[in-house]
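The structure appears right after this line, and notes come after that.
Numbers here simply count residues along the sequence, with the first being 1.
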Amino acid sequence: MAVKSVSIRIEEEMLKKIGYVADYEGRSVNSHVLVLIRENIKAFEETHGAIEGEINPDVNVKPTHK
């Protein structure tokens, strides 16, 4: 599986807040964003059916460190 890099533009305050949440969950911002993306894909597929592809949204989700 190839891993791609994506840049996003984000307001500084929003980045600080997502960083706070990620730290609370024991993750890096990058890992936390991946968790959010996987949760969104899973919710979409539960409503609309599976999206073609081999990667299951539950794969490689790091558990919280609470």
Side-chain angles (χ1 to χ4, degrees):
M1 163 180 46
V3 176
K4 301 291 183 172
S5 179
V6 174
S7 295
I8 63 168
R9 288 184 284 279
I10 185 170
E11 291 88 1
E12 185 176 359
E13 182 179 353
M14 189 180 300
L15 180 58
K16 286 179 182 178
K17 287 183 177 187
I18 196 70
Y20 182 92
V21 174
D23 186 59
Y24 180 85
E25 296 288 335
R27 299 184 182 110
S28 67
V29 170
N30 186 79
S31 291
H32 191 66
V33 169
L34 288 174
V35 167
L36 296 173
I37 291 168
R38 288 183 182 106
E39 289 174 353
N40 182 258
I41 291 169
K42 184 177 177 182
F44 181 92
E45 288 185 328
E46 286 173 357
T47 301
H48 302 283
I51 300 170
E52 186 176 328
E54 298 179 16
I55 297 174
N56 182 325
D58 294 331
V59 174
N60 294 325
V61 174
K62 292 183 179 181
T64 63
H65 297 275
K66 291 185 201 177

Subject >> Single-linkage hydrophobic cluster M14~V33, side-chain heavy atoms < 4.5 angstrom >> reply: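 Yes, same cluster.
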Original post:
When rounded to the nearest 0.5 angstrom, what is the spacing between CG in L15 and CD in E12?
Top reply: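 Output value for this atom pair is 7.5 Å.
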**OP:** Output the distance between atom CD1 (I37) and atom CD (E39), rounded to the nearest 0.5 Å.
**Re:**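 One finds 10.5 Å between CD1 of I37 and CD of E39.
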**OP:** Would you name the heavy atoms of A22 and S28 that are closest together and state the gap between them?
**Re:** CB-O, 3.7 Å
Subject >> Shortest non-hydrogen contact from I51 toward E45 >> reply: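 Taking I51 first and E45 second, the nearest heavy atoms are N-OE2, 2.8 Å.
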Original post:
Can you find a pair of side-chain heavy atoms, one from L36 and one from I18, that are under 4.5 Å apart?
Top reply: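 Yes; the side chains approach each other to less than 4.5 Å.
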